[in-house]
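All figures in this text were calculated on a predicted structure; none of them were measured in a lab.
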Amino acid sequence: MVAVVSVDRRSLFVICGAAVLLTAAWRMTPPTAPPLYDGLPLTVDPYRYVSPPPGLQHPKPDTFSQTLVTDSGKSPAIAEATDESPAQAQLLAQGDSFALPQGVTMVTVTIAPVDAPAQKPSAGFIDGNVYSFSVSAGSTPLPMKPGAEATVVLRGPPGATGVDVEQFSGTSWAKLTTTPVGAPDTYAANVTVLGDIALVATGEAPSTQASSGGGGAGGDGGGSNAAVIAAIAAGGVIVIVAAAIAGIRARATRGSPPRRAGAPRPPTARGRERPSSPRRKPPRRR
């Protein structure tokens, strides 16, 4: 009985792993992409700039804005992103993270690329766009509750090194604790105040991003991101197959199903069919 329980738990863990992997693949693809069973998208958007470097022409970066309903007087959970593939900016926050005025029933989440301020970072250069993050009630920005944090995720142009997430206070840039998220050129940081946030890379800004593969044709960045998506999806298929195998083994340990009427008996340990018991004849009357 103990063996059966351990196998069932492994099956559950494997299935949960598959769900996480496939959800990650789904989140990294645009809403207009075909389902995974129709084939993986092998092209990824090159980086879209507010002010493209010389020689680059791309669509404008996406601006996200959506109104969400509050949850029993509390701010809703937030998991929103811009519409590039993969998204260039994302905002994540747990429910009840923002202080709501009395009577507010809806909040607006906005992620907008903006012009870089005149004040430059003290070390390095802005790698990509500056994004303005806000959660507001009408035209009033909402502050975060004491102790609450939101997570911002930014994707930058490919090839930069020494990248950190930094926030602009209105007068200066402040470096945030930065974590690479696993996808190429993508970094996350926790904040207690929303505002203007960007990736800042070390060194000097290149004169053109085209020569360094900064989204000129999307070749380097697109190929690496497509490989990540393919690997996630392939991993999901593998774990689903493993879950099916584990489930079959779990059923096998519970014993064989009952024999149907009229079916032959299973062979004995010696490999011969069990002989049927001879039927006793009724006694003859004298």
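There is a path of hydrophobic side-chain contacts, each under 4.5 Å, that joins Val109 to Leu100. Hydrophobic clustering, with ILVMFWY side chains joined whenever heavy atoms are under 4.5 angstrom apart, groups Ile111 together with Met144. Tyr49 and Leu154 fall within the same hydrophobic cluster, where Ile, Leu, Val, Met, Phe, Trp and Tyr residues are linked whenever their side-chain heavy atoms come under 4.5 Å apart, directly or through other members. Residues Leu68 and Val104 share a single hydrophobic cluster, defined by chaining ILVMFWY side chains whose heavy atoms lie under 4.5 Å apart. Hydrophobic clustering of Ile, Leu, Val, Met, Phe, Trp and Tyr side chains at less than 4.5 Å, counting indirect connections, unites Val135 with Val152.
Side chain of Thr70 to backbone of Thr105: a donor-acceptor contact under 3.5 angstrom is found. Panel note: side chain Gln88, backbone Arg48; a donor-acceptor pair is recorded below 3.5 Å. No donor-acceptor pair closer than 3.5 Å links the side chain of Ser136 to the backbone N or O of Ser139. Here the side chain of Asp45 pairs no donor or acceptor atom with the backbone of Pro86 at under 3.5 angstrom.
The pair Lys175-Asp164 counts as a salt bridge, with a side-chain nitrogen and a carboxylate oxygen less than 4.0 angstrom apart. Electrostatic pairing of Asp96 and Lys145 counts as a salt bridge here, judged by a charged N lying under 4.0 Å from a carboxylate O.
Applying the ring-ring contact (aromatic ring centres under 6.0 Å, His included) test to Phe64 and every residue at least two apart in sequence or in another chain returns nothing.
With rounding to the nearest 0.5 angstrom, the CG atom of Asp62 is 12.0 Å from the OG atom of Ser85.
The aromatic rings of Phe133 and Tyr131 sit tilted, their planes meeting at an angle between 30° and 60°.
Ser75 and Ser97 share no side-chain donor-acceptor pair at under 3.5 Å.
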Scan the side chains in residues 187-199 for donor-acceptor partners under 3.5 Å anywhere in the protein, sequence neighbours excluded, and list what turns up.
residue: Asn190; atom: OD1; partner: Thr151; partner atom: OG1; Å: 2.6
residue: Asp196; atom: OD1; partner: Ser132; partner atom: OG; Å: 3.3

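The shortest side-chain heavy-atom distance between Pro113 and Val130 does not fall under the 4.5 Å cut-off.
Enclosure of atom CD in Gln66 by more than 12 non-hydrogen atoms of other residues, nucleotides or ligands within 6.0 angstrom is indicated.
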